[in-house]
Amino acid sequence: MLKTNLCGVELENPFMLAAGILGSNSSSLNMILKSGAGGVVTKSFSKNPNPGYINPTTVGVDDDSILNAIGLSNPGVDNFLDEIKKVETNDNQALIASIYGSMPEEFSYLVETVQEYVDMIELNISCPHAMEGCGAAIGQDPNLSHKIVSAAVDASDVPVIAKLTPNVTDIAEIAKSCEDAGADALTLINSLGPGMVINIDVAKPVLSNKMGGMSGKAIKPIAVRDVYVVYDAVDIPLIGVGGISTYEDVVEFIYAGASAVQIGTSIMNLGVDVFENIGKGLEGFMKEKGFSSIEEMVGLAHGDKNG
Ligand SMILES: Cc1cc2nc3c(=O)[nH]c(=O)nc-3n(C[C@H](O)[C@H](O)[C@H](O)COP(=O)(O)O)c2cc1C
């Protein structure tokens, strides 16, 4: 009932681990896969090692959202490959590598280096706290996004997903540019902002980078809106992410137009059981409403577009 085909890749369910949460090593990725996720996205990695920002890099906002500026720290592709090679998916689970860089050549190089070990590649062109020239600096510019996505797609034999930032005036324009460049799917959204939290005892921003991206429950309505708007603009599948913690959240994203979803911040409070619990809840909902597949539900909030 929950089976999902995403760009030709069969998934036992449409729930995936979002990039950057528990995705830095094979043991945590394997733990998520065993807990019932249909797929996992790795922590974003680059050609060369990047130490990221110094601590503090995350701070809680209320009980269910966080602000982070980790700065895309990672050991570089050569070291990260050792972990990727140890990830164990079954035939209906996907391993997705999240890559980033600043130049088209870096993306091509990363694609060529990892593609034989993964099922899909997600391009992080959307991080709001990346070092200069990376992340949202690309995804806020339709021409740059086009260049980077084209370079990755040309180099790739596996489906390429572009991950979008919500921190733009017109997300549909960026989405169309990525589709034109050959992206097979889009993930939306990366963290929102940047925002800031100030420690009032010392009168200073808490994060070492001062500002960071917002994630968790607080951003869900923005993510749902972005999926809804982009669904009307493109014809490639969408992966919704932002504040998902319950099956009801997943239904909202699917009705808005997502074919699959990713879950990040809520794992910190709910643990890895969140995948199985959401799966059970969604199956119950589908039975009650008379749906037999996820596909039947995609985009239903658009009434007109679906007739
Ligand atoms: C601590 C942390 C690290 C993250 N690292 C990455 C990353 O490396 N690459 C990326 O594309 N997104 C990264 N994200 C963004 C998430 O993948 C996701 O898009 C965002 O958090 C919204 O989903 P959520 O509310 O379910 O967490 C990170 C988010 C958090 C909270």
Would you mind reporting whether [Y] and [X] have side-chain heavy atoms less than 4.5 Å apart?
| X | Y | result |
| --- | --- | --- |
| Tyr100 | Ile125 | no |
| Ile244 | Val250 | yes |
| Ser177 | Asn143 | no |
| Pro104 | Ser150 | no |
| Phe15 | Leu2 | yes |
| Val118 | Thr42 | no |

_Geometric class of the Phe285/Tyr247 ring pair [parallel <30°, tilted 30-60°, perpendicular >60°]_ =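 The arrangement is tilted - the two ring planes meet at 30° to 60°.
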Hey, could you give me the [atom1]/[atom2] distance between [X] and [Y], rounded to the nearest 0.5 Å?
| X | Y | atom1 | atom2 | answer |
| --- | --- | --- | --- | --- |
| Leu238 | Ser259 | CG | OG | 6.5 Å |
| Ile84 | Glu116 | CD1 | CD | 11.0 Å |
| Leu123 | Ser98 | CG | OG | 8.0 Å |
| Thr246 | Ile278 | OG1 | CD1 | 6.5 Å |

*Determine, stepwise, if the pair Ser292 / Glu296 fulfils side chain to side chain donor-acceptor pair (under 3.5 Å).*
CA-CA 7 Å; Ser292 52; Glu296 290 166 32; 2.6 Å; yes
Please check if the number of heavy atoms outside [X] that lie under 6.0 Å from its [atom1] is greater than 12.
| X | atom1 | answer |
| --- | --- | --- |
| Met31 | CE | yes |
| Glu295 | CD | no |
| Asn90 | CG | yes |

_Strictly by salt bridge (charged side-chain N to carboxylate O under 4.0 Å, His left out), give each pair with a member in residues 244-256 just once, sequence neighbours left out._
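Every pair satisfying salt bridge (charged side-chain N to carboxylate O under 4.0 Å, His left out) with a residue in residues 244-256: Lys220-Asp249, Lys220-Glu252.
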*Within residues 175-200 or reaching into it, pairs that qualify as salt bridge (charged side-chain N to carboxylate O under 4.0 Å, His left out) - sequence neighbours excluded*: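 Salt bridge (charged side-chain N to carboxylate O under 4.0 Å, His left out) check on residues 175-200 returns no pairs.
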*Sorted by first residue and then second, give each ring-ring contact (aromatic ring centres under 6.0 Å, His included) pair with at least one member in residues 191-221; sequence neighbours left out.*
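Matches after skipping sequence neighbours: none remain.
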Give me the atom names and distance for the closest heavy-atom approach of [X] to [Y].
| X | Y | result |
| --- | --- | --- |
| Asn68 | Leu207 | C-CD1, 4.3 Å |
| Val114 | Ala97 | CG2-CB, 4.2 Å |
| Pro237 | Leu6 | CB-CD1, 4.0 Å |
| Met286 | Ile294 | CE-N, 3.8 Å |
| Tyr255 | His302 | O-CD2, 3.9 Å |
| Asn48 | Ser46 | O-OG, 2.8 Å |

*Would you check, one step at a time, whether the test side chain to side chain contact (heavy atoms under 4.5 Å, CB included) holds for Asp63 with Lys217?*
CA-CA 9 Å; Asp63 291 334; Lys217 258 196 171 141; over 6 Å; no
*Can you sort out the partners of Phe80 under ring-ring contact (aromatic ring centres under 6.0 Å, His included), two or more places apart, ordered by chain and number?*
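Listed in chain order: Phe45.
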*Kindly indicate, with the supporting measurements, whether the criterion side chain to side chain contact (heavy atoms under 4.5 Å, CB included) is fulfilled by Val251 and Phe291.*
CA-CA 12 Å; Val251 174; Phe291 293 116; over 6 Å; no
*Among all residues two or more places apart in sequence or in another chain, which pass the salt bridge (Lys or Arg N to Asp or Glu O under 4.0 Å) test with Asp119?*
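By the salt bridge (Lys or Arg N to Asp or Glu O under 4.0 Å) rule, Asp119 matches no residue at all.
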*Applying salt bridge (Lys or Arg N to Asp or Glu O under 4.0 Å), name anything that partners Glu12, two or more places apart in sequence or on another chain.*
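Listed in chain order: nothing, the list is empty.
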When you measure from the side chain of [X] to the backbone N and O of [Y], does any donor-acceptor pair fall under 3.5 Å?
| X | Y | value |
| --- | --- | --- |
| Asn190 | Asn124 | no |
| Asn269 | Asp64 | no |
| Ser145 | Ile138 | yes |
| His146 | Cys178 | no |

*Is there any side-chain hydrogen bond (donor to acceptor under 3.5 Å, both in side chains) pair reaching into residues 28-40, and which pairs are they, with sequence neighbours excluded?*
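Applying side-chain hydrogen bond (donor to acceptor under 3.5 Å, both in side chains) to every pair that reaches into residues 28-40, excluding sequence neighbours, yields Asn25-Ser28.
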*Among pairs that include at least one residue of residues 191-215, which meet side-chain hydrogen bond (donor to acceptor under 3.5 Å, both in side chains), considering only residues two or more places apart or in two chains?*
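Only Ser215-Thr265 qualify under side-chain hydrogen bond (donor to acceptor under 3.5 Å, both in side chains).
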Is there a path of hydrophobic side-chain contacts, each under 4.5 Å between heavy atoms, that joins [X] and [Y]?
| X | Y | answer |
| --- | --- | --- |
| Ile66 | Val274 | yes |
| Ile99 | Leu72 | no |
| Met120 | Val41 | yes |
| Ile96 | Leu81 | no |
| Tyr53 | Met196 | no |

In residues 168-175, what donor-acceptor pairs under 3.5 Å come from side-chain atoms, sequence neighbours left out?
{"from": "Asp170", "atom 1": "OD1", "to": "Ala172", "atom 2": "N", "distance (Å)": "3.2"}
{"from": "Asp170", "atom 1": "OD1", "to": "Glu173", "atom 2": "N", "distance (Å)": "3.4"}

*Identify which one of Ile32, Leu270, Asn13, Leu33 satisfies the side chain to side chain contact (heavy atoms under 4.5 Å, CB included) criterion when paired with Phe275.*
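Filter result, single survivor: Ile32.
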Could you give the side-chain donor-acceptor pairs of residues 151-165 under 3.5 Å, partners two or more places apart or in another chain?
{"from": "Ser156", "atom 1": "OG", "to": "Val158", "atom 2": "N", "distance (Å)": "3.1"}
{"from": "Ser156", "atom 1": "OG", "to": "Val158", "atom 2": "O", "distance (Å)": "2.7"}
{"from": "Thr165", "atom 1": "OG1", "to": "Asn167", "atom 2": "N", "distance (Å)": "2.9"}
{"from": "Thr165", "atom 1": "OG1", "to": "Asn167", "atom 2": "ND2", "distance (Å)": "3.1"}

*Can we say Glu83 and Lys86 salt-bridge, meaning some charged N sits less than 4.0 Å from an Asp/Glu carboxylate O?*
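The answer is yes: the pair qualifies as a salt bridge.
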*After noting the C-alpha distance and the side-chain angles of Thr58 and Ile70, does the key distance pass the side chain to side chain contact (heavy atoms under 4.5 Å, CB included) rule?*
CA-CA 7 Å; Thr58 60; Ile70 291 180; 4.2 Å; yes
*List in chain and number order the residues that pass side-chain hydrogen bond (donor to acceptor under 3.5 Å, both in side chains) with Asn5, two or more places apart in sequence or in another chain; answer none if no residue qualifies.*
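Scan of Asn5 (side-chain hydrogen bond (donor to acceptor under 3.5 Å, both in side chains), adjacent residues dropped) gives Glu10.
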*Consider only side-chain N and O atoms of Glu106 and Ser102, and report whether a donor and an acceptor are under 3.5 Å apart.*
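Their side chains do contain a donor-acceptor pair, which is all the 3.5 Å distance test asks for.
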*Decide whether Ser44 and Asn74 meet the rule of one side-chain donor and one side-chain acceptor closer than 3.5 Å.*
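Not at all, the side chains of Ser44 and Asn74 share no donor-acceptor pair under 3.5 Å.
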*Kindly determine whether Ile254 and Val298 satisfy side chain to side chain contact (heavy atoms under 4.5 Å, CB included), including the steps that lead there.*
CA-CA 5 Å; Ile254 295 174; Val298 175; 4.0 Å; yes
_Side-chain cluster (under 4.5 Å, hydrophobic types only) that Ile54 belongs to, other residues_ =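 Other cluster members: none.
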